[in-house]
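One structure is given below, encoded as C-alpha coordinates.
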2 protein chains.
Amino acid sequence: MTIRVLIVDDQAMVRAGFAALLAAQSDIDVVGEASDGRQGVEVSRSTHPDVVLMDVRMPEMDGLAAARALLEPPPGVVHRPKVLMLTTFDVDDYVYEALRAGASGFLLKDAPPADLIAAVRVVASGDALLAPSVTRRLIADFARQKPSRAKDPSLRLNGLTPRETEVLELIARGLSNQEIAGRLVLAEQTVKTHIGRVLAKLDLRDRAQAVIFAYESGLVSPGDAG
Amino acid sequence: MTIRVLIVDDQAMVRAGFAALLAAQSDIDVVGEASDGRQGVEVSRSTHPDVVLMDVRMPEMDGLAAARALLEPPPGVVHRPKVLMLTTFDVDDYVYEALRAGASGFLLKDAPPADLIAAVRVVASGDALLAPSVTRRLIADFARQKPSRAKDPSLRLNGLTPRETEVLELIARGLSNQEIAGRLVLAEQTVKTHIGRVLAKLDLRDRAQAVIFAYESGLVSPGDAG
DNA sequence: GGTGGGGTGCTACTTGGGTATGAGGCGGGG
DNA sequence: CCCCGCCTCATACCCAAGTAGCACCCCACC
(Lines give C-alpha, C1' and ligand atoms only; values in the text may rest on other atoms or scores of the structure.)
Protein backbone atom coordinates (compact mmCIF):
# COMPACT_ATOMS: atom_id res chain seq x y z
CA MET A 1 0.00 0.00 0.00
CA THR A 2 1.53 3.31 -1.02
CA ILE A 3 1.52 6.27 1.32
CA ARG A 4 -0.34 9.28 -0.05
CA VAL A 5 1.40 12.51 0.91
CA LEU A 6 0.34 16.13 0.62
CA ILE A 7 2.99 18.85 0.86
CA VAL A 8 2.00 22.25 2.24
CA ASP A 9 4.66 24.95 2.22
CA ASP A 10 4.74 28.48 0.95
CA GLN A 11 8.18 28.15 -0.60
CA ALA A 12 7.95 26.54 -4.01
CA MET A 13 11.52 25.38 -3.94
CA VAL A 14 11.06 23.58 -0.66
CA ARG A 15 7.93 21.90 -1.97
CA ALA A 16 9.75 20.76 -5.07
CA GLY A 17 12.63 19.40 -3.07
CA PHE A 18 10.46 17.42 -0.72
CA ALA A 19 8.26 16.20 -3.54
CA ALA A 20 11.23 14.92 -5.51
CA LEU A 21 12.70 13.29 -2.46
CA LEU A 22 9.52 11.52 -1.48
CA ALA A 23 8.30 10.63 -4.94
CA ALA A 24 11.55 8.75 -5.49
CA GLN A 25 10.42 6.25 -2.86
CA SER A 26 8.48 3.36 -4.26
CA ASP A 27 6.07 3.28 -1.34
CA ILE A 28 5.27 7.00 -1.33
CA ASP A 29 3.04 9.00 -3.66
CA VAL A 30 2.91 12.76 -3.55
CA VAL A 31 -0.73 13.41 -4.29
CA GLY A 32 -0.73 17.16 -4.03
CA GLU A 33 0.91 20.40 -3.02
CA ALA A 34 -0.37 23.63 -1.55
CA SER A 35 1.24 26.96 -0.82
CA ASP A 36 -0.72 28.09 2.19
CA GLY A 37 -2.80 26.69 4.98
CA ARG A 38 -6.22 27.41 3.58
CA GLN A 39 -5.32 25.83 0.28
CA GLY A 40 -3.74 22.93 2.13
CA VAL A 41 -6.97 22.17 3.92
CA GLU A 42 -8.91 22.29 0.66
CA VAL A 43 -6.53 20.06 -1.21
CA SER A 44 -6.48 17.64 1.69
CA ARG A 45 -10.26 17.46 1.63
CA SER A 46 -10.23 16.60 -2.05
CA THR A 47 -7.23 14.29 -2.29
CA HIS A 48 -7.47 12.45 1.06
CA PRO A 49 -3.76 12.05 1.75
CA ASP A 50 -2.53 9.72 4.48
CA VAL A 51 0.07 12.20 5.62
CA VAL A 52 0.17 15.97 5.36
CA LEU A 53 3.59 17.59 5.50
CA MET A 54 2.81 20.99 6.95
CA ASP A 55 5.09 23.97 7.27
CA VAL A 56 4.45 25.94 10.43
CA ARG A 57 4.96 29.43 9.12
CA MET A 58 2.81 30.31 6.14
CA PRO A 59 0.73 33.20 4.82
CA GLU A 60 -3.05 33.21 4.72
CA MET A 61 -3.58 30.47 7.29
CA ASP A 62 -0.62 29.27 9.29
CA GLY A 63 0.32 25.66 9.74
CA LEU A 64 -1.10 25.44 13.22
CA ALA A 65 -4.53 26.63 12.21
CA ALA A 66 -4.47 24.38 9.18
CA ALA A 67 -3.44 21.42 11.30
CA ARG A 68 -6.27 22.08 13.67
CA ALA A 69 -8.71 22.28 10.79
CA LEU A 70 -7.53 18.92 9.52
CA LEU A 71 -7.37 17.21 12.87
CA GLU A 72 -10.64 18.45 14.27
CA PRO A 73 -12.69 18.35 11.11
CA PRO A 74 -16.13 19.96 11.01
CA PRO A 75 -19.13 17.62 11.16
CA GLY A 76 -19.56 15.77 7.92
CA VAL A 77 -15.88 15.56 7.08
CA VAL A 78 -14.68 12.07 7.77
CA HIS A 79 -11.19 12.14 6.35
CA ARG A 80 -8.54 12.73 8.99
CA PRO A 81 -4.95 12.63 7.77
CA LYS A 82 -1.87 12.38 9.96
CA VAL A 83 -0.10 15.70 10.17
CA LEU A 84 3.67 16.03 10.27
CA MET A 85 4.75 19.56 11.10
CA LEU A 86 7.90 21.08 9.66
CA THR A 87 9.76 24.13 10.83
CA THR A 88 13.02 25.89 10.26
CA PHE A 89 13.48 26.91 13.88
CA ASP A 90 12.46 24.87 16.84
CA VAL A 91 10.17 27.39 18.44
CA ASP A 92 8.57 25.57 21.32
CA ASP A 93 5.28 27.42 21.45
CA TYR A 94 4.47 26.09 18.04
CA VAL A 95 5.50 22.62 19.02
CA TYR A 96 3.17 22.44 21.95
CA GLU A 97 0.29 23.96 20.07
CA ALA A 98 0.74 21.53 17.24
CA LEU A 99 1.02 18.50 19.47
CA ARG A 100 -1.99 19.56 21.42
CA ALA A 101 -3.90 19.90 18.19
CA GLY A 102 -3.06 16.29 17.47
CA ALA A 103 -0.10 16.47 15.12
CA SER A 104 1.81 13.23 14.78
CA GLY A 105 5.23 14.73 14.58
CA PHE A 106 7.50 17.69 14.42
CA LEU A 107 10.64 17.84 12.32
CA LEU A 108 13.23 20.51 11.68
CA LYS A 109 13.89 21.23 8.04
CA ASP A 110 17.60 20.80 8.54
CA ALA A 111 17.15 17.12 9.32
CA PRO A 112 18.81 14.67 6.93
CA PRO A 113 16.60 13.65 3.98
CA ALA A 114 16.55 10.08 5.15
CA ASP A 115 14.94 11.24 8.37
CA LEU A 116 12.14 12.93 6.52
CA ILE A 117 11.39 9.81 4.55
CA ALA A 118 11.55 7.66 7.65
CA ALA A 119 9.30 10.12 9.44
CA VAL A 120 6.65 9.91 6.75
CA ARG A 121 6.61 6.14 7.05
CA VAL A 122 6.50 6.20 10.82
CA VAL A 123 3.67 8.70 10.89
CA ALA A 124 1.72 6.84 8.23
CA SER A 125 1.93 3.73 10.36
CA GLY A 126 0.20 5.50 13.21
CA ASP A 127 3.19 6.20 15.36
CA ALA A 128 4.72 9.53 16.12
CA LEU A 129 8.10 11.11 15.67
CA LEU A 130 9.76 14.25 16.92
CA ALA A 131 13.01 15.99 16.24
CA PRO A 132 15.48 15.08 18.99
CA SER A 133 15.66 18.58 20.40
CA VAL A 134 11.90 18.70 20.55
CA THR A 135 11.77 15.34 22.24
CA ARG A 136 14.20 16.56 24.83
CA ARG A 137 12.00 19.50 25.67
CA LEU A 138 8.85 17.49 25.73
CA ILE A 139 10.39 15.03 28.13
CA ALA A 140 11.71 17.79 30.32
CA ASP A 141 8.26 19.32 30.51
CA PHE A 142 6.66 16.01 31.13
CA ALA A 143 9.06 15.19 33.91
CA ARG A 144 8.69 18.58 35.49
CA GLN A 145 4.96 18.80 35.69
CA LYS A 146 3.94 15.50 37.16
CA PRO A 147 5.92 14.90 40.29
CA SER A 148 3.68 17.30 42.19
CA ARG A 149 1.55 14.28 42.89
CA ALA A 150 4.18 12.84 45.17
CA LYS A 151 4.99 16.02 47.03
CA ASP A 152 4.30 17.39 50.43
CA PRO A 153 0.58 17.98 50.38
CA SER A 154 -0.26 14.44 49.47
CA LEU A 155 1.74 13.20 52.39
CA ARG A 156 -0.47 15.10 54.74
CA LEU A 157 -3.39 13.55 52.92
CA ASN A 158 -2.48 10.35 54.69
CA GLY A 159 -3.72 11.81 57.92
CA LEU A 160 -7.26 11.87 56.57
CA THR A 161 -9.69 9.03 57.02
CA PRO A 162 -11.33 7.61 53.88
CA ARG A 163 -14.55 9.41 54.61
CA GLU A 164 -12.80 12.70 55.11
CA THR A 165 -10.93 12.27 51.87
CA GLU A 166 -14.19 11.58 50.12
CA VAL A 167 -15.74 14.73 51.51
CA LEU A 168 -12.69 16.75 50.55
CA GLU A 169 -12.94 15.57 47.00
CA LEU A 170 -16.57 16.59 46.75
CA ILE A 171 -15.68 20.00 48.12
CA ALA A 172 -13.09 20.20 45.39
CA ARG A 173 -15.81 19.47 42.86
CA GLY A 174 -17.65 22.54 44.00
CA LEU A 175 -20.49 20.93 45.93
CA SER A 176 -22.19 22.66 48.85
CA ASN A 177 -22.50 20.93 52.20
CA GLN A 178 -26.10 20.12 51.43
CA GLU A 179 -25.19 18.59 48.10
CA ILE A 180 -22.42 16.56 49.67
CA ALA A 181 -24.85 15.32 52.31
CA GLY A 182 -27.23 14.28 49.56
CA ARG A 183 -24.52 12.58 47.56
CA LEU A 184 -23.17 10.61 50.51
CA VAL A 185 -26.56 10.09 52.15
CA LEU A 186 -25.63 11.91 55.32
CA ALA A 187 -27.03 14.66 57.47
CA GLU A 188 -25.67 18.05 56.57
CA GLN A 189 -24.34 18.30 60.09
CA THR A 190 -22.25 15.21 59.61
CA VAL A 191 -20.74 16.73 56.53
CA LYS A 192 -19.87 19.78 58.57
CA THR A 193 -18.22 17.62 61.17
CA HIS A 194 -16.10 15.90 58.57
CA ILE A 195 -15.16 19.18 56.97
CA GLY A 196 -14.24 20.60 60.31
CA ARG A 197 -11.84 17.76 60.88
CA VAL A 198 -10.40 18.04 57.40
CA LEU A 199 -9.74 21.73 57.83
CA ALA A 200 -8.19 21.17 61.24
CA LYS A 201 -5.96 18.31 60.11
CA LEU A 202 -4.74 20.12 57.05
CA ASP A 203 -4.52 23.46 58.76
CA LEU A 204 -6.83 25.17 56.32
CA ARG A 205 -9.23 28.01 56.93
CA ASP A 206 -12.18 27.34 54.69
CA ARG A 207 -13.43 25.24 51.82
CA ALA A 208 -11.78 27.49 49.27
CA GLN A 209 -8.41 26.63 50.71
CA ALA A 210 -9.53 23.02 50.81
CA VAL A 211 -10.11 23.17 47.06
CA ILE A 212 -6.64 24.56 46.58
CA PHE A 213 -5.19 21.80 48.70
CA ALA A 214 -7.05 19.19 46.70
CA TYR A 215 -5.54 20.48 43.47
CA GLU A 216 -2.08 20.99 44.84
CA SER A 217 -1.95 17.55 46.37
CA GLY A 218 -3.18 15.87 43.24
CA LEU A 219 -6.35 14.58 44.86
CA VAL A 220 -8.06 16.18 41.91
CA SER A 221 -6.48 17.59 38.78
CA PRO A 222 -7.43 20.04 36.11
CA GLY A 223 -9.36 18.14 33.53
CA ASP A 224 -10.91 15.64 35.91
CA ALA A 225 -14.50 15.72 34.89
CA GLY A 226 -16.97 15.00 37.60
CA MET B 1 35.65 13.44 20.76
CA THR B 2 34.56 9.84 21.11
CA ILE B 3 31.42 8.89 22.91
CA ARG B 4 32.00 6.66 25.95
CA VAL B 5 29.25 4.07 26.30
CA LEU B 6 28.39 1.67 29.11
CA ILE B 7 26.12 -1.28 28.35
CA VAL B 8 23.95 -2.67 31.14
CA ASP B 9 21.89 -5.75 30.33
CA ASP B 10 21.47 -9.10 32.01
CA GLN B 11 21.68 -11.06 28.77
CA ALA B 12 25.29 -11.62 27.78
CA MET B 13 24.43 -12.15 24.16
CA VAL B 14 22.57 -8.88 23.93
CA ARG B 15 25.48 -7.06 25.52
CA ALA B 16 27.89 -8.63 23.10
CA GLY B 17 25.74 -7.71 20.13
CA PHE B 18 25.36 -4.11 21.14
CA ALA B 19 29.00 -3.82 22.06
CA ALA B 20 30.12 -5.14 18.68
CA LEU B 21 27.71 -2.90 16.87
CA LEU B 22 28.74 0.24 18.72
CA ALA B 23 32.45 -0.46 18.92
CA ALA B 24 32.52 -0.67 15.14
CA GLN B 25 31.73 3.03 15.02
CA SER B 26 34.80 5.22 14.97
CA ASP B 27 33.24 7.82 17.24
CA ILE B 28 31.99 5.40 19.88
CA ASP B 29 33.92 3.58 22.61
CA VAL B 30 32.35 0.89 24.73
CA VAL B 31 34.01 1.50 28.08
CA GLY B 32 32.25 -1.15 30.09
CA GLU B 33 29.49 -3.68 30.53
CA ALA B 34 27.39 -4.76 33.48
CA SER B 35 24.83 -7.49 33.97
CA ASP B 36 22.57 -5.92 36.54
CA GLY B 37 21.52 -2.54 37.83
CA ARG B 38 23.64 -2.44 40.93
CA GLN B 39 26.75 -3.41 39.02
CA GLY B 40 25.81 -0.91 36.33
CA VAL B 41 25.78 1.92 38.80
CA GLU B 42 29.16 0.88 40.17
CA VAL B 43 30.78 0.56 36.78
CA SER B 44 29.32 3.90 35.74
CA ARG B 45 30.81 5.54 38.82
CA SER B 46 34.24 4.19 37.96
CA THR B 47 34.30 4.55 34.18
CA HIS B 48 32.35 7.80 33.74
CA PRO B 49 30.60 6.96 30.48
CA ASP B 50 28.81 9.65 28.48
CA VAL B 51 25.91 7.38 27.72
CA VAL B 52 24.55 4.39 29.64
CA LEU B 53 22.53 1.89 27.65
CA MET B 54 20.22 0.45 30.26
CA ASP B 55 17.91 -2.51 29.97
CA VAL B 56 14.67 -2.02 31.86
CA ARG B 57 14.16 -5.51 33.15
CA MET B 58 17.09 -6.89 35.14
CA PRO B 59 17.74 -8.89 38.28
CA GLU B 60 19.16 -7.41 41.48
CA MET B 61 18.30 -3.80 40.70
CA ASP B 62 16.05 -3.04 37.77
CA GLY B 63 16.84 -0.51 35.10
CA LEU B 64 14.51 2.10 36.54
CA ALA B 65 16.10 2.07 39.95
CA ALA B 66 19.55 2.09 38.42
CA ALA B 67 18.62 5.00 36.17
CA ARG B 68 17.38 6.94 39.14
CA ALA B 69 20.58 6.22 41.00
CA LEU B 70 22.62 7.55 38.10
CA LEU B 71 20.44 10.57 37.36
CA GLU B 72 19.96 11.73 40.92
CA PRO B 73 23.38 10.94 42.27
CA PRO B 74 24.03 11.13 46.00
CA PRO B 75 25.93 14.15 47.27
CA GLY B 76 29.57 13.96 46.32
CA VAL B 77 29.05 12.16 43.04
CA VAL B 78 29.45 14.63 40.23
CA HIS B 79 29.38 12.40 37.21
CA ARG B 80 25.96 12.27 35.60
CA PRO B 81 25.73 10.23 32.39
CA LYS B 82 22.89 10.33 29.90
CA VAL B 83 20.72 7.27 30.19
CA LEU B 84 19.14 5.56 27.22
CA MET B 85 16.62 2.95 28.28
CA LEU B 86 16.10 -0.22 26.29
CA THR B 87 13.21 -2.61 26.46
CA THR B 88 11.77 -5.53 24.61
CA PHE B 89 8.16 -4.54 25.08
CA ASP B 90 6.87 -1.02 25.17
CA VAL B 91 5.31 -1.08 28.58
CA ASP B 92 4.22 2.45 29.25
CA ASP B 93 4.53 2.45 33.01
CA TYR B 94 8.22 1.97 32.66
CA VAL B 95 8.46 4.64 30.04
CA TYR B 96 6.90 7.30 32.20
CA GLU B 97 8.87 6.33 35.25
CA ALA B 98 12.09 6.43 33.31
CA LEU B 99 11.39 9.75 31.67
CA ARG B 100 10.38 11.24 34.96
CA ALA B 101 13.63 10.01 36.41
CA GLY B 102 15.42 11.95 33.73
CA ALA B 103 16.24 9.36 31.11
CA SER B 104 17.18 10.79 27.74
CA GLY B 105 15.50 8.20 25.63
CA PHE B 106 13.62 4.98 25.30
CA LEU B 107 14.22 2.49 22.53
CA LEU B 108 12.73 -0.88 21.71
CA LYS B 109 15.24 -3.64 21.16
CA ASP B 110 13.66 -4.57 17.86
CA ALA B 111 14.69 -1.24 16.37
CA PRO B 112 17.08 -1.36 13.42
CA PRO B 113 20.77 -1.27 14.45
CA ALA B 114 21.26 2.04 12.69
CA ASP B 115 18.66 3.52 15.00
CA LEU B 116 20.53 2.42 18.06
CA ILE B 117 23.73 3.97 16.83
CA ALA B 118 21.96 7.16 15.87
CA ALA B 119 20.25 7.22 19.25
CA VAL B 120 23.54 7.01 21.10
CA ARG B 121 24.85 9.97 19.16
CA VAL B 122 21.70 11.99 19.66
CA VAL B 123 21.63 11.32 23.37
CA ALA B 124 25.31 12.07 23.75
CA SER B 125 24.73 15.45 22.13
CA GLY B 126 22.24 16.32 24.83
CA ASP B 127 19.08 15.77 22.88
CA ALA B 128 16.51 13.06 23.46
CA LEU B 129 15.07 10.28 21.42
CA LEU B 130 12.14 7.95 21.82
CA ALA B 131 10.86 4.97 19.93
CA PRO B 132 8.05 6.10 17.62
CA SER B 133 5.37 4.18 19.45
CA VAL B 134 6.53 5.69 22.72
CA THR B 135 6.54 9.13 21.20
CA ARG B 136 2.99 8.65 20.08
CA ARG B 137 1.87 7.80 23.56
CA LEU B 138 3.77 10.60 25.16
CA ILE B 139 2.21 13.08 22.78
CA ALA B 140 -1.22 11.66 23.35
CA ASP B 141 -0.79 12.03 27.07
CA PHE B 142 0.63 15.46 26.74
CA ALA B 143 -2.21 16.58 24.52
CA ARG B 144 -4.82 15.07 26.75
CA GLN B 145 -3.81 16.57 30.02
CA LYS B 146 -3.12 20.14 29.17
CA PRO B 147 -5.83 21.32 26.87
CA SER B 148 -7.63 22.96 29.74
CA ARG B 149 -5.58 26.04 29.10
CA ALA B 150 -6.99 26.67 25.66
CA LYS B 151 -10.48 25.35 26.21
CA ASP B 152 -13.78 26.54 27.44
CA PRO B 153 -13.00 28.07 30.77
CA SER B 154 -10.25 30.32 29.62
CA LEU B 155 -12.44 31.67 26.88
CA ARG B 156 -14.95 32.80 29.43
CA LEU B 157 -12.06 34.34 31.29
CA ASN B 158 -11.98 36.93 28.56
CA GLY B 159 -15.23 38.36 29.87
CA LEU B 160 -13.49 39.40 33.06
CA THR B 161 -11.94 42.81 33.52
CA PRO B 162 -8.32 42.98 34.64
CA ARG B 163 -9.33 43.83 38.17
CA GLU B 164 -11.77 40.98 38.34
CA THR B 165 -9.16 38.57 37.08
CA GLU B 166 -6.77 39.81 39.71
CA VAL B 167 -9.31 39.26 42.44
CA LEU B 168 -10.11 35.80 41.12
CA GLU B 169 -6.49 34.85 41.26
CA LEU B 170 -6.18 35.93 44.88
CA ILE B 171 -9.27 33.91 45.71
CA ALA B 172 -7.55 30.97 44.10
CA ARG B 173 -4.58 31.56 46.38
CA GLY B 174 -6.82 31.08 49.36
CA LEU B 175 -7.08 34.66 50.58
CA SER B 176 -10.14 35.93 52.45
CA ASN B 177 -11.96 39.00 51.27
CA GLN B 178 -10.30 41.04 53.95
CA GLU B 179 -6.87 39.84 52.92
CA ILE B 180 -7.60 40.57 49.30
CA ALA B 181 -8.72 44.05 50.24
CA GLY B 182 -5.48 44.54 52.11
CA ARG B 183 -3.38 43.23 49.28
CA LEU B 184 -5.05 45.40 46.66
CA VAL B 185 -5.55 48.38 48.94
CA LEU B 186 -9.32 48.37 48.63
CA ALA B 187 -12.32 48.40 50.90
CA GLU B 188 -13.56 44.93 51.67
CA GLN B 189 -16.87 45.86 50.15
CA THR B 190 -15.20 46.64 46.86
CA VAL B 191 -13.69 43.19 46.88
CA LYS B 192 -17.12 41.76 47.43
CA THR B 193 -18.45 43.71 44.49
CA HIS B 194 -15.74 42.37 42.24
CA ILE B 195 -16.29 38.85 43.44
CA GLY B 196 -19.99 39.17 42.90
CA ARG B 197 -19.38 40.14 39.31
CA VAL B 198 -16.88 37.35 38.79
CA LEU B 199 -19.29 34.76 40.13
CA ALA B 200 -22.11 36.14 38.01
CA LYS B 201 -20.06 36.29 34.82
CA LEU B 202 -18.66 32.82 35.23
CA ASP B 203 -21.88 31.38 36.55
CA LEU B 204 -20.35 30.15 39.79
CA ARG B 205 -21.94 29.85 43.19
CA ASP B 206 -19.20 30.63 45.65
CA ARG B 207 -15.49 31.17 46.05
CA ALA B 208 -14.83 27.45 46.27
CA GLN B 209 -16.17 27.03 42.75
CA ALA B 210 -14.17 30.08 41.77
CA VAL B 211 -11.02 28.32 42.92
CA ILE B 212 -11.95 25.31 40.83
CA PHE B 213 -12.52 27.52 37.83
CA ALA B 214 -9.16 29.18 38.31
CA TYR B 215 -7.42 25.82 38.26
CA GLU B 216 -9.44 24.39 35.41
CA SER B 217 -8.93 27.44 33.25
CA GLY B 218 -5.23 27.53 33.89
CA LEU B 219 -5.35 30.93 35.59
CA VAL B 220 -3.42 29.19 38.31
CA SER B 221 -1.82 25.76 38.22
CA PRO B 222 -0.75 23.19 40.75
CA GLY B 223 2.75 24.10 41.75
CA ASP B 224 2.34 27.85 41.33
CA ALA B 225 3.80 29.09 44.53
CA GLY B 226 2.64 32.43 45.88
C1' DG C 1 -14.39 -6.74 78.54
C1' DG C 2 -12.55 -2.49 77.99
C1' DT C 3 -10.50 1.07 75.08
C1' DG C 4 -9.95 3.94 71.20
C1' DG C 5 -10.67 5.51 66.61
C1' DG C 6 -13.83 6.18 62.88
C1' DG C 7 -18.34 7.44 61.45
C1' DT C 8 -22.52 9.54 62.44
C1' DG C 9 -25.57 12.90 64.46
C1' DC C 10 -27.50 16.77 67.39
C1' DT C 11 -28.10 21.81 69.40
C1' DA C 12 -26.57 26.26 69.46
C1' DC C 13 -23.89 30.17 68.23
C1' DT C 14 -20.96 33.33 65.26
C1' DT C 15 -19.43 35.21 61.19
C1' DG C 16 -17.57 35.45 56.62
C1' DG C 17 -19.35 35.50 52.34
C1' DG C 18 -22.77 36.51 48.88
C1' DT C 19 -26.83 39.51 47.29
C1' DA C 20 -29.35 43.78 46.32
C1' DT C 21 -29.28 48.48 45.37
C1' DG C 22 -27.48 52.74 44.70
C1' DA C 23 -24.05 56.00 43.71
C1' DG C 24 -19.76 58.83 42.70
C1' DG C 25 -15.27 59.31 39.91
C1' DC C 26 -12.64 58.60 35.86
C1' DG C 27 -11.21 57.79 31.17
C1' DG C 28 -12.02 56.72 26.38
C1' DG C 29 -14.91 56.67 22.14
C1' DG C 30 -18.73 58.32 19.46
C1' DC D 1 -20.02 66.85 25.14
C1' DC D 2 -22.14 62.82 26.69
C1' DC D 3 -22.32 58.00 27.36
C1' DC D 4 -20.53 53.85 28.89
C1' DG D 5 -17.49 50.61 31.02
C1' DC D 6 -14.60 50.03 34.87
C1' DC D 7 -13.42 50.78 39.50
C1' DT D 8 -14.69 52.30 43.72
C1' DC D 9 -17.53 52.25 48.08
C1' DA D 10 -21.73 52.30 51.28
C1' DT D 11 -25.84 50.38 53.58
C1' DA D 12 -28.52 46.58 54.53
C1' DC D 13 -29.90 41.90 54.66
C1' DC D 14 -29.55 36.73 54.65
C1' DC D 15 -27.66 32.41 55.00
C1' DA D 16 -24.25 28.89 54.20
C1' DA D 17 -20.45 27.68 56.41
C1' DG D 18 -17.55 27.06 60.23
C1' DT D 19 -17.00 26.42 65.52
C1' DA D 20 -17.88 24.24 69.98
C1' DG D 21 -19.45 20.64 72.77
C1' DC D 22 -21.59 16.46 73.38
C1' DA D 23 -23.33 11.78 72.30
C1' DC D 24 -24.18 7.17 70.26
C1' DC D 25 -22.84 3.13 67.43
C1' DC D 26 -19.64 -0.11 65.66
C1' DC D 27 -15.57 -2.54 65.29
C1' DA D 28 -10.74 -3.76 65.73
C1' DC D 29 -7.33 -4.56 68.99
C1' DC D 30 -5.45 -5.44 73.44
Side-chain angles (χ1 to χ4, degrees), chain A residues 153-220 224 226, chain B residues 153-220 224 226:
Chain A
S154 75
L155 290 184
R156 286 194 290 161
L157 242 177
N158 297 338
L160 299 186
T161 68
R163 203 53 159 175
E164 287 161 359
T165 307
E166 202 172 358
V167 170
L168 174 56
E169 185 177 340
L170 292 179
I171 290 177
R173 300 276 182 224
L175 304 203
S176 68
N177 291 344
Q178 206 171 37
E179 289 167 341
I180 295 174
R183 183 78 74 95
L184 300 181
V185 197
L186 292 177
E188 188 180 340
Q189 269 315 314
T190 306
V191 175
K192 285 190 176 186
T193 304
H194 286 311
I195 293 179
R197 283 198 240 284
V198 169
L199 297 182
K201 286 185 182 178
L202 301 177
D203 190 28
L204 304 171
R205 184 171 43 196
D206 52 34
R207 67 202 299 107
Q209 291 190 351
V211 173
I212 295 173
F213 180 90
Y215 275 94
E216 295 293 336
S217 69
L219 211 206
V220 301
D224 290 4
Chain B
S154 75
L155 290 183
R156 287 193 289 161
L157 242 178
N158 296 338
L160 299 186
T161 68
R163 203 52 158 174
E164 286 161 0
T165 306
E166 202 172 356
V167 170
L168 174 56
E169 185 177 341
L170 292 179
I171 291 177
R173 301 276 181 225
L175 303 204
S176 69
N177 291 343
Q178 205 171 39
E179 289 166 342
I180 295 174
R183 183 80 73 93
L184 300 181
V185 196
L186 291 176
E188 187 180 341
Q189 189 46 50
T190 305
V191 175
K192 284 191 176 188
T193 303
H194 286 311
I195 293 178
R197 282 199 240 284
V198 169
L199 297 182
K201 285 185 181 178
L202 301 178
D203 190 29
L204 304 171
R205 184 171 46 195
D206 52 33
R207 70 204 295 108
Q209 292 191 350
V211 173
I212 296 173
F213 180 90
Y215 275 94
E216 295 294 335
S217 69
L219 209 207
V220 301
D224 290 5

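Between A:His194 and C:dG7 there is no side-chain polar atom (N or O) within less than 4.0 angstrom of OP1 or OP2. Put simply, B:Asn177 has a side-chain N or O that comes within less than 4.0 Å of OP1 or OP2 on C:dG17. Under 4.0 angstrom from either OP1 or OP2 of C:dG5 there lies no side-chain N or O belonging to A:Thr161. A sub-4.0 Å separation between OP1 or OP2 of C:dG9 and a side-chain N or O of A:Thr190 is present.
Between the two ends of the helix from C:dG1-D:dC30 to C:dG30-D:dC1, each summarised by a five-pair axis, the helix axis turns through 40° (rounded to 10 degrees).
With sequence neighbours excluded, no residue forms a side chain to side chain donor-acceptor pair (under 3.5 Å) with A:Glu188. Residues forming a side-chain contact (heavy atoms from CB on, under 4.5 Å) with A:Gln209 (at least two apart in sequence, or on another chain): A:Leu204, A:Arg205, A:Asp206. A search for side chain to side chain donor-acceptor pair (under 3.5 Å) contacts involving A:Gln178 returns nothing, not counting sequence neighbours. Every residue two or more places apart in sequence or in another chain that forms a side-chain contact (heavy atoms from CB on, under 4.5 Å) with B:Ile212 is listed here: A:Val211, A:Tyr215, B:Glu216.
Taking the side chain as every heavy atom from C-beta outward, B:His194 and B:Ile180 never approach each other to under 4.5 Å. Using a 4.5 Å heavy-atom cutoff, the side chains of A:Leu160 and A:Val167 are not in contact. The side-chain heavy atoms of A:Lys201 and A:Thr161, taken from C-beta on, include a pair separated by under 4.5 Å.
B:Leu202 has its CG atom 13 Å from the P atom of C:dG18, to the nearest Å. Rounded to whole Å, atom C1' of D:dG5 lies 14 Å from atom CG of B:Leu160. What separates CD of A:Gln178 from P of D:dC15 is a distance of 13 Å, to the nearest Å. Rounded to whole Å, the distance from CD on B:Glu188 to C1' on D:dA12 is 15 Å. Here the P atom of nucleotide D:dA17 and the CZ atom of B:Arg207 are 13 Å apart, to the nearest Å. If you take CD1 of B:Ile180 and C1' of D:dC7, they are 16 Å apart, rounded to a whole angstrom. Rounded to an integer number of Å, the gap from A:Leu184 CG to C:dG7 C1' is 12 Å.
Considering only side-chain atoms of B:Asp206, the nucleotide from C:dC10, C:dG18, D:dC7 that sits closest is C:dG18.
Under the 4.0 Å criterion applied to side-chain N and carboxylate O atoms, B:Arg183 and B:Glu179 are not assigned as salt-bridge partners.
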Item to check | Derivation of the side chain to side chain contact (heavy atoms under 4.5 Å, CB included) call for A:Leu184 and A:Arg163 | outcome: CA-CA 10 Å; A:Leu184 300 181; A:Arg163 203 53 159 175; 4.1 Å; yes
Distances under 3.5 Å between protein N/O atoms and the N/O atoms of nucleotides 19-26 of chain C, please, pair by pair.
none

